[in-house]
Amino acid sequence: MNTEIDRRRAALYSLAGLGAVILLWWAAALTVLSEARIPSPAGVIQALIRDGFGFYWGHFSVTIQEAAIGFFWGNLIAILLASVVLVLPWTERLITQIAVISYCIPIVAVAPVLYIVIGAPATGEPSGTAVALAVLAVFFTTVVGTLLGLKSADPASLDVVTVYGGSRLTQLRKVRLIAALPAILNALQIAAPAALLGAILGEYVGGVRQGVGLALIIAQQNLDVERAWAIGLLCAAVAGGAYALFGLIGKVAAPWSKGTV
């Protein structure tokens with residue numbers, strides 16, 4: 001009962017906080033920031049209505065597809081490599097170095113290089129550059145999260161597998177992957193918004209004919225502030241929705257990580 005009340009109270013606080021932010025934004029746009037190119041909430045809503053669902057969906061559907069492809073492959077490679085470390089411990093230094101290098105590479109700087117190598121996408125196809133940047137954006141987080149989760153397995157359970165003749169691979173399948181599930185899901189939760197960001201950055205140089213990055217470039221060139229803010233807020237909504245989705249999956253798939261039954 002108290003849990004339900006706490007949830008309702010948290011939801012009310014969130015709505016109140018959101019309302020306060022919108023009011024402050026509106027007041028600032030009309031007063032102290034009236035000289036700056038900051039639209040009011042009403043102007044952003046008018047831009048959303050003016051452009052229509054078809055405009056935004058046409059661009060967002062492409063970017064979400066690119067982000068989803070990069071999210072899948074980046075996380076799959078990260079989880080597989082992290083698993084290799086537990087089977088072949090001598091590879092840990094190499095794999096962690098690869099992960100750190102991928103994290104330290106400035107995405108904005110590497111994007112033109114990837115575009116030269118991959119080339120422009122065909123009409124109607126997702127940008128390979130955007131997909132590659134989405135892969136880079138999620139790789140480090142998932143490698144680290146998966147490694148920490150795999151290493152958190154109960155030593156007693158690992159000893160039982162060893163006593164019964166199990167190998168490191170058996171330990172991985174029977175114990176470590178189950179123990180690591182909450183950490184992996186937490187890493188995926190963080191990686192989901194990062195994949196969207198990587199895809200958008202890739203579209204800035206990816207020679208795309210549709211996509212959020214292209215829409216932002218056109219809005220910038222036309223000094224269409226309302227549209228730029230509308231796209232930015234929709235990006236935040238999509239990223240937040242992806243983050244919340246994996247949080248929900250984590251609660252359903254690994255309820256023990258939240259202390260529930």
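Please read these numbers as outputs of a predicted model, since none were measured by experiment. In what follows, residues are counted from 1 in the order of the sequence shown.
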Distance from [X] atom [atom1] to [Y] atom [atom2], nearest 0.5 Å?
X    : Y    : atom1 : atom2 : answer
I79  : I184 : CD1   : CD1   : 5.0 Å
L86  : L177 : CG    : CG    : 8.5 Å
L188 : L181 : CG    : CG    : 9.5 Å
I200 : L196 : CD1   : CG    : 4.0 Å
E66  : E125 : CD    : CD    : 10.5 Å
R227 : I218 : CZ    : CD1   : 7.5 Å

Taking side chain as C-beta onward, heavy atoms only, is [X] less than 4.5 Å from [Y]?
X    : Y    : answer
V212 : Y56  : no
L216 : Y204 : yes
V208 : V62  : no
I231 : C235 : yes
K251 : F246 : no
V85  : T96  : no
Y103 : T141 : no
F139 : L136 : no

How close do [X] and [Y] get, heavy atom to heavy atom, and via which atoms?
X    : Y    : value
A195 : A134 : O-CB, 3.6 Å
A179 : P182 : O-CD, 3.5 Å
L172 : S83  : CD2-CB, 3.8 Å
S61  : G58  : OG-O, 3.3 Å
I69  : P126 : CD1-CG, 4.1 Å
A199 : A130 : O-CB, 3.4 Å

Donor-acceptor pair, distance only, cut-off 3.5 Å: does the side chain of S102 make one with the backbone of A99? yes

Donor-acceptor pair, side chain of Q210 and main chain of H59, under 3.5 angstrom: no

State plainly whether the residues D154 and R176 are in salt-bridge range, i.e. N to O under 4.0 Å.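 Between R176 and D154 there is no salt bridge, as every charged N stays at least 4.0 Å from the carboxylate O atoms.
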
When you group the ILVMFWY residues by side-chain heavy-atom contacts below 4.5 Å and let the links chain together, are [Y] and [X] in the same group?
X    : Y    : answer
I105 : I118 : yes
L94  : L81  : yes
L133 : L197 : yes
L148 : V175 : no
V238 : F55  : yes

Given K151 and E92, is the salt bridge (charged side-chain N to carboxylate O under 4.0 Å, His left out) satisfied, shown in steps? CA-CA 12 Å; K151 290 182 177 181; E92 180 173 4; 2.4 Å; yes

So T170 and T162, side-chain contact (heavy atoms from CB on, under 4.5 Å) or not? Walk me through it. CA-CA 9 Å; T170 305; T162 303; over 6 Å; no

